[in-house]
Amino acid sequence: MTTPWVWGVVLLGSLTVLAAPKTSAEKPQPSLEKRGPSVVVQGEHIVHLSGEGKVHAWRLGDLGADPDYARALASQRMLLLATGGGQLWGTDLARVYRWSEKERAWTSEGSLPARKEAAIDLAVVGDRPVVVYTSSVVEALTGKVHPLSKLKNAFAKGFRALAVHASGTHVWVGTGYGEWGGCLFGLDLKSGQWAQSKDSLHYVTGISGDGKGNLWVSWSMSHFMANTLLRVHRLDATVAKEYPELKSKYIQTVAWDDARKVLYGIEQNSLVRFEEGKPVELSALGQLPYAQEPNAIGVSPGMIRLEVIGPERLLLVHESRAPFVYADGKLVTLSLE
């Protein structure tokens with residue numbers, strides 16, 4: 001019979017690293033907190049919530065700072081933010097809150113059940129906010145817990161989550177453990193069923209839905225040499241299409257522009273678009289602070305999310321430095337001052 005700790009580490013991490021049960025000779029493993037800030041687009045604003053709880057906001061139109069809006073958002077301390085269905089949600093992991101744009105205030109919408117596991121992220125599936133934990137997904141408005149199913153051949157090492165994505169009725173989590181590969185997990189909130197795809201040579205770095213129920217997923221590897229596989233997955237996590245391997249390329253994250261039917265990505269230190277599965281550079285990002293990626297050697301420039309925010313406009317989120325906006329063929333760095 002599979003022991004409980006195995007399933008507690010499959011979905012993993014909280015972007016948090018979990019270790020197998022310790023023997024007397026083993027030293028405790030340091031945990032990695034949620035990888036980077038929560039950065040969302042809400043109405044006419046871009047909102048940045050740091051790991052320390054500090055809020056910044058910028059206007060979408062001119063990308064200028066809006067300190068008044070940031071102060072209003074900071075009236076309730078949050079740990080995680082997410083948007084969906086035109087709503088902004090936040091949680092302090094005790095309660096879940098909804099933002100009122102009209103009143104510029106947070107309203108408590110429910111309490112979360114106590115969990116003895118680390119939280120990975122907040123996501124909004126349709127109009128339902130959910131908190132993704134290391135071995136379960138909890139519906140924030142009802143407290144319903146969806147434990148990770150006993151998926152066959154699931155990896156049982158200290159994986160950590162590298163991407164979380166909500167699409168349709170699903171929440172998806174991509175995990176990785178360096179040279180030991182990674183998994184793509186999906187939970188259908190409507191049926192309560194989990195789906196899984198795994199790769200022993202690549203891990204998931206980016207997930208984006210294409211509006212037709214398919215997922216574009218970047219499976220990358222950094223271990224002395226870098227390479228990436230770009231795959232299209234169905235809702236049961238099986239592979240519908242796989243492009244030829246991109247040697248010496250490391251795709252950090254991806255975003256699908258459904259209006260233009262274009263996939264964008266970040267390849268090492270460059271913003272790219274894909275043509276027939278091959279990256280074409282749009283803009284160099286310059287020197288970036290590198291991130292600590294467990295068991296990945298040589299390539300981890302710390303870009304954690306990419307989002308299409310308008311015609312030819314993209315939001316780029318780094319783990320530790322200020323976000324970028326790519327607009328009108330130019331790259332703008334948002335100020336955190």
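- In plain terms, the two heavy atoms of Q268 and S248 that are nearest each other are NE2-O, 3.4 Å.
- Contact check on D199 versus R231 returns a salt bridge, with a Lys/Arg side-chain nitrogen under 4.0 Å from an Asp/Glu carboxylate oxygen.
- Closest heavy-atom contact between A65 and R59: O-NH1, 3.0 Å.
- Counting heavy atoms from C-beta on, the side chains of L285 and I266 come closer than 4.5 Å.
- Atoms NE2 and CG, from H56 and L73 in turn, are 12.5 Å apart once rounded to the nearest 0.5 Å.
- Taking CG from L81 and CG from D121, the interatomic distance works out to 9.5 Å, rounded to the nearest 0.5 Å.
- Within the 3.5 Å criterion, the main-chain N or O of K330 finds no donor-acceptor partner in the side chain of D328.
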- prompt: Given T83 and W89, is the side chain to side chain contact (heavy atoms under 4.5 Å, CB included) satisfied, shown in steps?
  reply: CA-CA 6 Å; T83 55; W89 296 88; over 6 Å; no
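- Hydrophobic clustering of Ile, Leu, Val, Met, Phe, Trp and Tyr side chains at less than 4.5 Å, counting indirect connections, unites L288 with L282.
- The environment of CG in D68 is crowded: more than 12 heavy-atom neighbours from other residues, nucleotides or ligands sit within 6.0 Å.
- A donor atom on one side chain and an acceptor atom on the other are found under 3.5 Å apart for H202 and N227.
- A237 approaches A195 most closely through the heavy-atom pair CB-CB, 3.9 Å.
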message: Pair W216, N214 - check side chain to side chain donor-acceptor pair (under 3.5 Å), show working.
response: CA-CA 7 Å; W216 290 80; N214 298 314; over 6 Å; no
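- Expressed to the nearest 0.5 Å, how far CG of D257 lies from CG of L263 amounts to 9.5 Å.
- With contacts defined as side-chain heavy-atom distances shorter than 4.5 Å, the pair K261/W256 qualifies.
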- prompt: Stepwise, does the side chain to side chain contact (heavy atoms under 4.5 Å, CB included) test hold for W219 with T205?
  reply: CA-CA 6 Å; W219 293 82; T205 56; over 6 Å; no
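- The closest donor-acceptor contact from the side chain of S191 to the backbone of Q193 lies under 3.5 Å.
- The distance from atom OH of Y97 to atom CZ of R77, rounded to the nearest 0.5 Å, is 12.0 Å.
- The shortest distance between side-chain heavy atoms of V272 and V280 does not fall below 4.5 Å.
- A salt bridge is absent between D92 and R95; no separation between the charged side-chain nitrogens and carboxylate oxygens falls under 4.0 Å.
- Under a 3.5 Å cut-off, the side chain of H45 and the backbone N or O of V47 do not form any donor-acceptor pair.
- Between the side chain of T175 and the main chain of C183, a donor-acceptor pair closer than 3.5 Å is present.
- One hydrophobic cluster holds both L93 and V145 under the rule that ILVMFWY side chains link at heavy-atom gaps under 4.5 Å.
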task: Could you please spell out the steps behind the side chain to side chain contact (heavy atoms under 4.5 Å, CB included) verdict for V132 and F185?
output: CA-CA 12 Å; V132 180; F185 292 100; over 6 Å; no
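- Across every non-hydrogen atom of S220 and I251, the tightest pair is OG-O, 2.8 Å.
- Put simply, the side chain of E109 never gets that close to the backbone of V96: no donor and acceptor are under 3.5 Å apart.
- Counting all heavy atoms, side chain and backbone alike, T228 lies closest to K249 at OG1-O, 3.1 Å.
- Between the side chain of S218 and the backbone N or O of V254 there is no donor-acceptor pair closer than 3.5 Å.
- In the hydrophobic clustering of ILVMFWY residues, with side-chain heavy atoms under 4.5 Å counting as a link, M78 and W99 come out together.
- For Q252 (side chain) and M303 (main-chain N/O), a donor-acceptor pair under 3.5 Å exists by modelled atom type.
- In this structure, a donor-acceptor pair under 3.5 Å is present between the side chains of Y69 and E101.
- N269 places a side-chain N or O within donor-acceptor distance of the main-chain N or O of G286, the cut-off being under 3.5 Å.
- Judged purely by atom type and a 3.5 angstrom limit, S222 has no side-chain atom pairing as donor or acceptor with the backbone of A226.
- Shown here is E44, whose CD atom has no more than 12 heavy atoms of other residues, nucleotides or ligands within 6.0 Å.
- The line from CG of L187 to CD of Q196 is 13.5 Å long, rounded to the nearest 0.5 Å.
- Annotation: side chain of W172 is in contact with side chain of L184 (closest heavy-atom distance under 4.5 Å).
- With hydrophobic clusters built from ILVMFWY side chains whose heavy atoms lie under 4.5 angstrom apart, V124 shares a cluster with L112.
- When side chains are defined from C-beta on, I309 does not count as touching Y326, because their heavy atoms never get closer than 4.5 Å.
- In K247, the NZ atom is not crowded: 12 or fewer heavy atoms of neighbouring residues, nucleotides or ligands sit closer than 6.0 Å.
- The main-chain N or O of E103 is found under 3.5 Å from a side-chain atom of S100 such that the two form a donor-acceptor pair.
- With rounding to the nearest 0.5 Å, the separation of CG in L334 from CH2 in W58 is 5.0 Å.
- Considering all non-hydrogen atoms of both residues, L246 and K278 come closest at CD2-CA, 4.4 Å.
- Two residues are said to be in side-chain contact when any heavy atoms from C-beta on lie closer than 4.5 Å; V137 and V171 meet this criterion.
- A salt bridge links E117 to R115: one of the charged nitrogens lies within less than 4.0 Å of a carboxylate oxygen.
- By the 4.5 Å heavy-atom criterion applied to side chains, H48 and P323 are counted as neighbours.
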query: Run the side chain to side chain contact (heavy atoms under 4.5 Å, CB included) check on L316 and V325 step by step: do they pass?
result: CA-CA 6 Å; L316 297 78; V325 171; over 6 Å; no
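- Under the 4.5 Å side-chain criterion, counting only non-hydrogen atoms from C-beta, V130 is not in contact with L122.
- A cation-pi arrangement, defined by a distance under 6.0 Å to the six-membered ring centre and an angle within 45 degrees of its axis, is absent between R98 and W106.
- Hydrophobic clustering keeps V55 apart from L63 (ILVMFWY residues linked when any side-chain heavy atoms are closer than 4.5 Å, directly or through intermediates).
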